[in-house]
Amino acid sequence: MTATTETSQAASAGAPPARAAESEAVDPALRETARALHAPVVDWFATHARDLPWRRPEAGAWGVMVSEFMLQQTPVSRVLPVYEEWMKRWPRPADLAAEAPGEAVRAWGRLGYPRRALRLHGAAKAIAERHGGEVPVEHAQLLALPGVGEYTAAAVVSFAYGKRHAVLDTNVRRVFARAVTGHQYPPNATTAAERKLARALLPEDDTTASRWAAATMELGALVCTARNPQCARCPIAARCAWQLAGAPEHQGPARRTQAYAGTDRQVRGRLLAVLRAAKEPVAQADLDRVWHEPIQRARALDGLVSDGLVEPLDGKRYRLPLS
């Protein structure tokens with residue numbers, strides 16, 4: 001379940017919840033399309049779903065939440081070992097909440113976007129303080145947690161509690177773009193039209209809706225991939241609007257790619273790697289060795305401090321945050 005960035009989702013947290021589908025008029029043709037897609041996609045998922053630890057009953061809502069934070073812009077293969085170690089160390093929100101936030105950053109390792117570790121730590125503290133240590137069931141309560149945006153709240157409600165919510169990540173958006181609207185790729189940023197379509201396509205009952213959410217995500221991850229989609233293996237290829245239109249090439253804005261080499265992100269990662277490996281505060285001189293360009297290095301370090309990922313100490317020393 002590779003999710004879109006929670007930053008962009010949080011910016012759209014004002015989007016109407018999935019239940020708004022009940023008050024929206026749905027085109028009869030679209031309703032028929034939805035009904036034709038539900039069974040083959042859900043049946044395909046029953047046979048082809050990967051056995052992932054956060055999908056097992058013992059993972060619980062906390063395991064689902066941890067996985068969703070980790071999977072944002074990060075492939076499953078990289079998440080699996082970090083997730084397993086995280087859940088062994090912190091099997092409940094209260095366990096993580098009792099630790100310093102810097103320990104969450106340390107355990108995050110090289111997953112990237114380490115602010116997610118701080119946000120997950122903040123969510124764990126809020127769960128321990130406001131909800132008796134149990135991940136809330138209600139979508140609105142989840143949205144009120146630090147670092148939880150529309151996507152993560154919907155994913156937890158759907159995958160952990162089996163409730164009816166539109167779960168719209170990059171994989172799902174791509175499946176809907178191709179199967180329903182006939183486009184090779186969805187827009188670069190999630191649109192109101194996509195949210196409305198996702199709600200219109202939701203099955204009516206909670207159980208089927210939650211399976212549909214997981215199934216469309218898995219279909220996008222394994223078959224309807226961004227590059228080299230495996231259309232011959234797709235359970236809805238015969239109904240896919242994009243295929244029926246002759247699989248036209250993308251005509252919209254260029255697809256965004258994220259550079260890494262030589263960027264501030266790379267410098268930040270190297271600085272954090274030194275701090276994660278150290279049990280004691282690290283001297284400025286030791287951090288200076290990780291990157292040759294002093295202005296970029298200073299900017300990256302200042303950014304880490306500003307983001308709360310690093311604490312500056314007297315004597316030009318630094319450490320992961322304790323509070």
Side-chain angles (χ1 to χ4, degrees), residues 1-12 33 37 40-42 44-45 47-50 52 54-55 67-80 83 110-113 116 149-152 154-155 158-159 166-198 201 212-261 263 265:
M1 303 175 202
T2 303
T4 53
T5 59
E6 200 63 66
T7 301
S8 62
Q9 292 293 343
S12 64
T33 296
L37 297 177
V41 172
V42 171
W44 172 87
F45 183 67
T47 303
H48 296 89
R50 290 169 291 181
L52 299 174
W54 46 85
R55 288 179 175 163
S67 75
E68 291 300 337
F69 270 80
M70 291 184 173
L71 286 163
Q72 292 166 28
Q73 293 189 301
T74 308
V76 167
S77 58
R78 289 181 58 198
V79 166
L80 279 169
Y83 174 89
R110 300 185 63 82
L111 283 184
Y113 303 99
R116 291 180 292 168
E150 174 65 27
Y151 167 79
T152 299
S158 180
F159 301 145
V167 182
L168 200 57
D169 84 332
T170 302
N171 290 315
V172 177
R173 293 175 62 223
R174 187 169 55 252
V175 169
F176 291 171
R178 291 173 179 168
V180 182
T181 65
H183 298 129
Q184 184 180 16
Y185 297 117
N188 280 334
T190 308
T191 66
E194 288 181 284
R195 295 188 184 95
K196 183 177 181 180
L197 175 63
L201 292 174
W212 165 256
T216 50
M217 190 174 292
E218 192 79 333
L219 186 65
L222 300 183
V223 175
C224 193
T225 54
R227 299 178 182 177
N228 303 315
Q230 305 297 306
C231 298
R233 297 172 48 211
C234 180
I236 54 173
R239 300 179 175 89
C240 175
W242 183 55
Q243 282 293 307
L244 293 172
E249 290 291 326
H250 177 66
Q251 298 297 319
R255 307 299 296 167
R256 292 181 299 193
T257 59
Q258 292 185 328
Y260 182 73
T263 65
R265 280 185 57 221

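Every value quoted in this text rests on a predicted model; they were computed, and no experiment measured them.
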Study note, to complete from the structure: d(Leu80 CG, Thr74 OG1) to nearest 0.5 Å is 12.0 Å
Check your understanding: Within the distance-only criterion (no hydrogens, no angle test), does the side chain of Gln251 pair as donor or acceptor with the backbone N or O of Glu249 below 3.5 angstrom?
Key -> yes
Point to revise | Shortest non-hydrogen separation from Gly112 to Arg78 and the atoms involved | key: N-NH2, 4.1 Å
**Study point:** Straight-line distance of Tyr151 OH to Thr190 OG1, nearest 0.5 Å
**Key:** 11.5 Å
Check your understanding: Quick one: does Thr152's side chain have a donor or acceptor within less than 3.5 Å of a partner on Gly149's backbone?
Key -> no
Revision key, fill the gap. CZ (Phe159) and CE (Met217) are apart, to the nearest 0.5 Å, by 4.0 Å
Exercise for review: Would you name the heavy atoms of Ala213 and Thr216 that are closest together and state the gap between them?
Suggested key: O-OG1, 3.2 Å
Point to revise | Heavy-atom pair with the smallest gap, counting every atom of Leu111 and Val79 | key: CD2-CA, 4.0 Å
Exercise for review: For the pair His48 and Val223, evaluate side-chain contact (heavy atoms from CB on, under 4.5 Å) and give the outcome as yes or no after the intermediate values.
Suggested key: CA-CA 10 Å; His48 296 89; Val223 175; over 6 Å; no
Revision key, fill the gap. Between the CH2 atom in Trp242 and the NE2 atom in His183, the distance rounded to the nearest 0.5 Å is 12.0 Å
Exercise for review: Grab the two heavy atoms, one from Ala166 and one from Ala154, that are nearest each other, plus how far apart they are.
Suggested key: O-CB, 3.6 Å
**Study point:** Leu71 and Asp169, any side-chain heavy atoms less than 4.5 Å apart
**Key:** no
Check your understanding: Just wondering, do Val167 and Val172 contact through their side chains at under 4.5 Å, heavy atoms?
Key -> no
Study note, to complete from the structure: Paired with Arg178, the side-chain contact (heavy atoms from CB on, under 4.5 Å) test is passed by just one of Cys224, Cys234, Cys231, Pro186, namely Cys224
Check your understanding: Is there a donor-acceptor pair closer than 3.5 Å between any side-chain N or O of Arg55 and the backbone N or O of Arg50?
Key -> yes
Study note, to complete from the structure: Scanning both residues in full, the closest heavy-atom pair of Pro235 with Leu219 reads CD-CD1, 3.6 Å
**Study point:** Rounded distance [0.5 Å steps], CZ in Arg116 versus CD in Glu68
**Key:** 11.5 Å
Point to revise | Side-chain (Gln243) to main-chain (Ala241) donor-acceptor, under 3.5 angstrom | key: no
Check your understanding: With a 4.5 Å heavy-atom cut-off, do Gln72 and Tyr113 have their side chains touching?
Key -> no
Revision key, fill the gap. Closest non-hydrogen atoms of Ala238 and Leu244, given as atom of the first, atom of the second and distance, are O-CD2, 3.8 Å
Practice item. Nearest 0.5 Å please: distance from the CH2 atom of Trp44 over to the CD atom of Glu218. Key: 5.5 Å
Exercise for review: Could you list all the salt bridge (Lys or Arg N to Asp or Glu O under 4.0 Å) pairs where at least one residue sits in residues 181-194, not counting sequence neighbours?
Suggested key: Arg173-Glu194
Practice item. Name the orientation class of the two ring planes belonging to Phe176 and Trp212 (parallel below 30°, tilted from 30 to 60°, perpendicular beyond 60°). Key: parallel
